[in-house]
Amino acid sequence: MGQRNVLPEGTRDLILNECIVKKQLERDIDELFNKWGYKEVITPTVEYYETFNHNSNTLREEDMYKFFDNKGRILVLRPDMTVPIARVVETKLKDTDLPIKLRYNSNIFRVHKSLGGKRNEYTDIGVELIGLSEKESDLEILVLALEGLKKLGLKDFKLEIGNIGFFNGAFVNTDIDEECKSKIAKFIDEKNLKSLEEYLEDLNIENEYKVFFNKLPWMFGDKSILEKAKELAFNDSIKENLDYLERIYLDLEKLGYGDNVTFDLGMIPRLNYYTGIIFKGYVDGVGTTVLRGGRYNNLIKPHKDYLPAVGFSIDINSVIPIVDVNDILKYEYEAYKIFYSEKNKIEAIKKSQELRNQGYIVELMPKEDLEEVKIIKEGVK
């Protein structure tokens, strides 16, 4: 097969029914976000590399597709939407009244390891709620995330919630440097228990820290895990973060989402701009994360102070393979095929226009030696 027929690694074509599923899911979720008062924003596919590299709290250089403009400046295909939205708020929306509620539907480009099975181009549809504190907006975002998962139309879905403050709280009043902290975080996030244990063994820290970090990868499950975690909490910061998660759960339970919520206290995302709650969404039949989000209070700075913010995005492409197009086309609709020959093509086009003006889907089908126009009615029940 020639090079012109081969796609770059991590990309794929979407065809026929896949496109129907994708477009309908996008419409459903976009409508949901719109009804909650989130205004649409569209940012360029291409951004300056510096936008994502202005500090160490965003993405790694090797995660991005990079190239040059005609003046030699480094450009990237956007690897994330939160950072471009931060740029928009810091510039065009810097004097807008708070809170700012934004939604987007954008293709994202991220370089993943070869043979890892992850896509390098995918569609994120998400929201950002900017300008409100944790107590004022976390619950709204979590409910909206759960409703977004529900809109995918799949039976089983879970929202797994963590809190980066639970991990960071363990380092209060310690002299553990950032490099050590980063390594511990990496081993916990990867659930690399052996490496974590060996690394902690060599660190000059008190035993209660070693016990805490060694058990952290196991701290996931239903609401009962919060009680178990309290037994490990050795300072007020850790306890406060656990109490906050407990209050969040009780609110979600009152709203009817209790069965759809779990916890992972060892959740430490690669994007290290998160400062509070972090969460992931899963649906039955998809082996990867469908939804990702969290709070980031130290990213958007339109004036002298940072604006608190929280948001999430849904990876639409991840669920397309398991959604039945017949579930998308639940409503009845009528469609027509009009067969015609060369001598009656004008009549056929006129009839097709009449039917389209009535709201029907009409497909023209040329057929040799047909004496008169033939109209066949089709549809979905």
Side-chain angles (χ1 to χ4, degrees), residues 1-8 10-35 40 42 45 103-108 117 119-126 147-157 283-288 290-291 313-381:
M1 184 181 292
Q3 187 67 34
R4 66 187 181 89
N5 288 327
V6 178
L7 285 172
T11 63
R12 60 169 297 213
D13 296 313
L14 293 177
I15 59 172
L16 306 176
N17 285 351
E18 292 175 317
C19 295
I20 294 174
V21 170
K22 183 174 187 288
K23 290 295 184 183
Q24 189 61 50
L25 290 178
E26 287 177 348
R27 282 192 291 267
D28 288 346
I29 294 171
D30 186 69
E31 181 185 19
L32 169 71
F33 294 165
N34 184 43
K35 285 182 175 178
E40 187 170 20
I42 300 173
T45 304
R103 76 182 196 272
Y104 58 85
N105 182 2
S106 304
N107 277 18
I108 303 298
R119 292 174 307 282
N120 292 346
E121 179 185 9
Y122 52 95
T123 300
D124 262 355
I125 179 166
E147 286 298 305
L149 289 170
K150 191 185 294 185
K151 278 290 182 183
L152 297 175
L154 302 168
K155 291 181 181 178
D156 262 342
F157 63 89
V283 296
D284 193 33
V286 179
T288 59
V290 168
L291 179 151
S313 64
I314 297 173
D315 175 5
I316 292 294
N317 297 65
S318 63
V319 300
I320 290 173
I322 66 165
V323 175
D324 188 338
V325 72
N326 292 317
D327 291 334
I328 293 293
L329 300 173
K330 293 172 185 174
Y331 53 89
E332 293 187 12
Y333 77 88
E334 289 180 279
Y336 292 88
K337 283 185 178 178
I338 296 182
F339 295 87
Y340 68 96
S341 62
E342 178 66 22
K343 65 182 180 182
N344 49 38
K345 63 183 179 183
I346 302 299
E347 180 191 354
I349 292 173
K350 284 183 176 180
K351 287 185 179 294
S352 73
Q353 293 288 62
E354 289 173 9
L355 288 168
R356 289 191 195 98
N357 289 337
Q358 296 174 45
Y360 300 119
I361 296 170
V362 186
E363 188 176 357
L364 288 164
M365 306 291 289
K367 191 176 179 65
E368 290 183 12
D369 302 325
L370 202 62
E371 288 300 320
E372 57 183 31
V373 172
K374 187 175 183 181
I375 302 175
I376 304 294
K377 184 178 178 181
E378 297 181 323
V380 171
K381 298 294 184 183

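Everything quoted here is computed from the prediction, not taken from an experiment.
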Looking only at non-hydrogen atoms, find the nearest pair between Pro321 and Ser318 and report the distance.
CD-O, 3.7 Å

Taking all non-hydrogen atoms of both residues, which atom of Val290 and which atom of Val283 are closest, and how far apart?
CG2-CG2, 3.7 Å

How far does NZ of Lys367 sit from OH of Tyr340, to the nearest 0.5 angstrom?
12.5 Å

CD1 (Ile29) and CD1 (Ile125) are apart, to the nearest 0.5 Å, by 5.5 Å

For atom CD of Glu40, decide whether the heavy atoms of other residues, nucleotides or ligands shown that lie under 6.0 angstrom number more than 12.
yes

Quick one: does Ser313's side chain have a donor or acceptor within less than 3.5 Å of a partner on Gly126's backbone?
no

Contact check, side chains of Asp284 and Lys155, non-hydrogen atoms, under 4.5 Å:
no

With side-chain contact (heavy atoms from CB on, under 4.5 Å) as the test, pick out the partner of Arg119 among Asn317, Ile108, Thr288.
Asn317

I need the Thr123 OG1 to Ile314 CD1 distance, nearest 0.5 Å.
12.5 Å

I need the Asp156 CG to Leu149 CG distance, nearest 0.5 Å.
11.5 Å

Quick one: closest heavy-atom pair of Val362 and Ser352, and the distance?
CG1-CB, 3.6 Å

Electrostatic pair Glu354-Lys350, nearest N-O below 4.0 angstrom
no

With rounding to the nearest 0.5 Å, note down the distance linking NZ in Lys343 to CG in Asp369.
8.0 Å

Heavy-atom side-chain proximity of Leu152 to Val323 below 4.5 angstrom:
no

Side chain to side chain contact (heavy atoms under 4.5 Å, CB included) for Thr45 and Asn107? Distances and angles first, verdict last.
CA-CA 8 Å; Thr45 304; Asn107 277 18; over 6 Å; no

Rounded distance [0.5 Å steps], CG in Asp30 versus NZ in Lys151
11.5 Å

Check step by step if side chain to side chain donor-acceptor pair (under 3.5 Å) holds for Asp28 and Gln24.
CA-CA 6 Å; Asp28 288 346; Gln24 189 61 50; 3.0 Å; yes

Which residues share a ring-ring contact (aromatic ring centres under 6.0 Å, His included) with Tyr104, sequence neighbours left out
none

Can Glu26 and Lys22 be counted as an ion pair, charged N to O under 4.0 angstrom?
yes

